[in-house]
Amino acid sequence: MGGLAEDTRLTRDTYTGASTTVEIRCPDDVTGLERIILVAQGDLQRHLSALFARTITIDCIYTKTGPRGTGASLDNPIYQERQVHLKCGSQIVCVATSSVTITSPECERLLLDEKFALGQIFRHLRSYPRFALIDMGTQVVNGKRELRRTYVLETEGIGCEILEVFPDRDMFDLGEAWLKQDSREKPQKSFVPYEK
């Protein structure tokens with residue numbers, strides 16, 4: 001996948017022995033919590049679980065995997081396009097669409113055979129991936145304020161370009177109350193027995 005030029009990145013992360021600075025080029029209305037989400041590096045599921053104090057699950061919508069051939073290597077990479085929904089209960093909190101390049105047998109096994117989610121692969125490898133935020137934006141869709149980001153994650157054996165869409169920015173302000181509010185807005189189906 002290769003590195004991005006420093007001036008094309010929307011974030012800059014620097015540190016010394018006693019300090020850390022994360023700079024993000026983003027609109028002024030992006031909140032502190034949203035900035036934390038924007039710089040999540042393969043651990044978004046953990047951050048969302050902490051936000052909602054609940055389990056976040058991955059629901060795979062589709063995968064399109066290229067031929068596996070003789071196995072993944074630098075000379076014979078395997079490509080996959082995929083989309084997943086990150087869900088808290090029945091609520092979709094993020095739609096992630098990814099282009100993945102696999103160049104090691106271990107990553108091939110984890111992703112294609114054991115069906116690991118991408119974030120879990122980085123945790124399993126105990127790898128802190130290289131990260132570059134390459135695009136982010138906000139917009140209103142169907143009356144809801146949406147947050148999106150596109151970024152690259154890379155470590156030995158796997159590289160990903162990922163577009164994530166958070167369908168309602170209110171989730172970051174309201175947390176668990178957003179989950180409860182969203183379920184109240186939906187009509188509840190009730191069982192009505194059939195009478196002859």
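The figures here come from the full heavy-atom set of this structure, side chains too, leaving out hydrogens, waters and symmetry mates.
Interatomic distance, CD1 of I162 versus OG of S98, reported as 4.0 Å (0.5 Å rounding). Here the CD atom belonging to Q91 is positioned 6.5 Å from the CG atom belonging to L179, to the nearest 0.5 angstrom. Rounding to the nearest 0.5 Å places OG1 of T101 at 9.0 Å from CD of E154. Here the straight-line distance linking atom CG of L33 with atom CE of M171 works out to 10.5 Å at 0.5 Å rounding. We find the CD1-CD1 distance between I78 and I102 to be 5.5 Å, quoted to the nearest 0.5 Å. Rounding to the nearest 0.5 Å gives a distance of 12.0 Å between CD1 of I36 and CG of L44.
Residues M136 and L10 form a side-chain contact, since some pair of their non-hydrogen atoms from C-beta on lies under 4.5 Å apart. Between L163 and R148 there is a side-chain heavy-atom pair separated by less than 4.5 Å. Side-chain contact between L86 and I58 is present, with heavy atoms from C-beta onward closer than 4.5 Å. Contact annotation: the side chain of R82 approaches that of V100 to within less than 4.5 Å [non-hydrogen atoms, C-beta and beyond]. Side chains of E146 and V140 form no contact here, defined as non-hydrogen atoms less than 4.5 Å apart. Between F172 and L51, some side-chain heavy-atom pair lies under the 4.5 Å cut-off. Using a 4.5 Å heavy-atom cutoff, the side chains of L153 and R130 are not in contact. Looking at E161 and I134, their side chains come closer than 4.5 Å, going by heavy atoms from C-beta outward.
The two residues C107 and G157 come nearest to each other via the heavy atoms CB-O, 3.5 Å. G175 approaches F52 most closely through the heavy-atom pair O-CE2, 3.4 Å.
Taking the side chain to side chain contact (heavy atoms under 4.5 Å, CB included) definition, one finds that R35 meets it with I24, C26, V30, sequence neighbours left out. Take T21 and apply the side-chain hydrogen bond (donor to acceptor under 3.5 Å, both in side chains) test, not counting sequence neighbours, and it matches no residue. For E156, there are no side-chain hydrogen bond (donor to acceptor under 3.5 Å, both in side chains) partners, not counting sequence neighbours.
Electrostatic pairing of R169 and E34 counts as a salt bridge here, judged by a charged N lying under 4.0 Å from a carboxylate O. Salt bridge status for R145 with D173: present, with a side-chain N to carboxylate O gap under 4.0 Å. Taking the charged nitrogens against the carboxylate oxygens, R25 and E23 have no contact shorter than 4.0 Å, which rules out a salt bridge. For the pair R109 and E114, the salt-bridge criterion is met [side-chain N within less than 4.0 Å of a carboxylate O].
In the hydrophobic clustering of this structure, V95 does not group with I37; members are Ile, Leu, Val, Met, Phe, Trp, Tyr whose side-chain heavy atoms approach within less than 4.5 Å, directly or through other members. Note on V84 and V165: separate hydrophobic clusters, where clusters join Ile, Leu, Val, Met, Phe, Trp and Tyr whose side-chain heavy atoms are under 4.5 Å apart, directly or indirectly. By the rule that hydrophobic residues join a cluster once side-chain heavy atoms approach within less than 4.5 Å of another member, V93 and I61 end up as members of separate clusters. Linking Ile, Leu, Val, Met, Phe, Trp and Tyr whenever their side-chain heavy atoms come within less than 4.5 Å leaves V141 and W178 in two separate clusters. When the side chains of ILVMFWY residues are joined at heavy-atom separations under 4.5 Å, either directly or via intervening members, I92 and L48 end up in two distinct hydrophobic clusters.
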Tell me which donor-acceptor pairs under 3.5 Å the side chains of residues 64-76 have, and how far apart each pair is, sequence neighbours excluded?
residue	atom	partner	partner atom	Å
T65	OG1	Q80	NE2	2.7
R68	NE	E108	OE2	2.8
R68	NH1	D113	OD1	2.9
R68	NH2	E108	OE2	3.2
R68	NH2	D113	OD1	3.1
R68	NH2	D113	OD2	3.2
S73	OG	D75	N	3.3
S73	OG	N76	N	3.0

Output a table of donor-acceptor pairs, distance under 3.5 Å, between side-chain atoms of residues 118-129 and any protein atom two or more places apart or on a different chain; print 'none' if there are none.
residue	atom	partner	partner atom	Å
Q120	NE2	Q45	OE1	2.9
S127	OG	T155	OG1	2.4
Y128	OH	Q41	OE1	3.3

Problem - Derivation and outcome, side-chain contact (heavy atoms from CB on, under 4.5 Å), residues L133 and R149 - result: CA-CA 7 Å; L133 180 66; R149 71 174 182 155; 3.7 Å; yes

Practice task
Begin from the C-alpha positions of E164 and L147 and carry the test side-chain contact (heavy atoms from CB on, under 4.5 Å) through to its verdict.
Solution key: CA-CA 8 Å; E164 290 173 343; L147 176 69; over 6 Å; no

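Listed by first and then second residue, the ring-ring contact (aromatic ring centres under 6.0 Å, His included) pairs involving residues 131-161 are F131-Y151 (not counting sequence neighbours).
Crowding of D29 atom CG: a count of heavy atoms from other residues, nucleotides or ligands under 6.0 Å exceeding 12.
Side chains of E81 and S99: a donor-acceptor N/O pair is present below 3.5 angstrom, by distance only.
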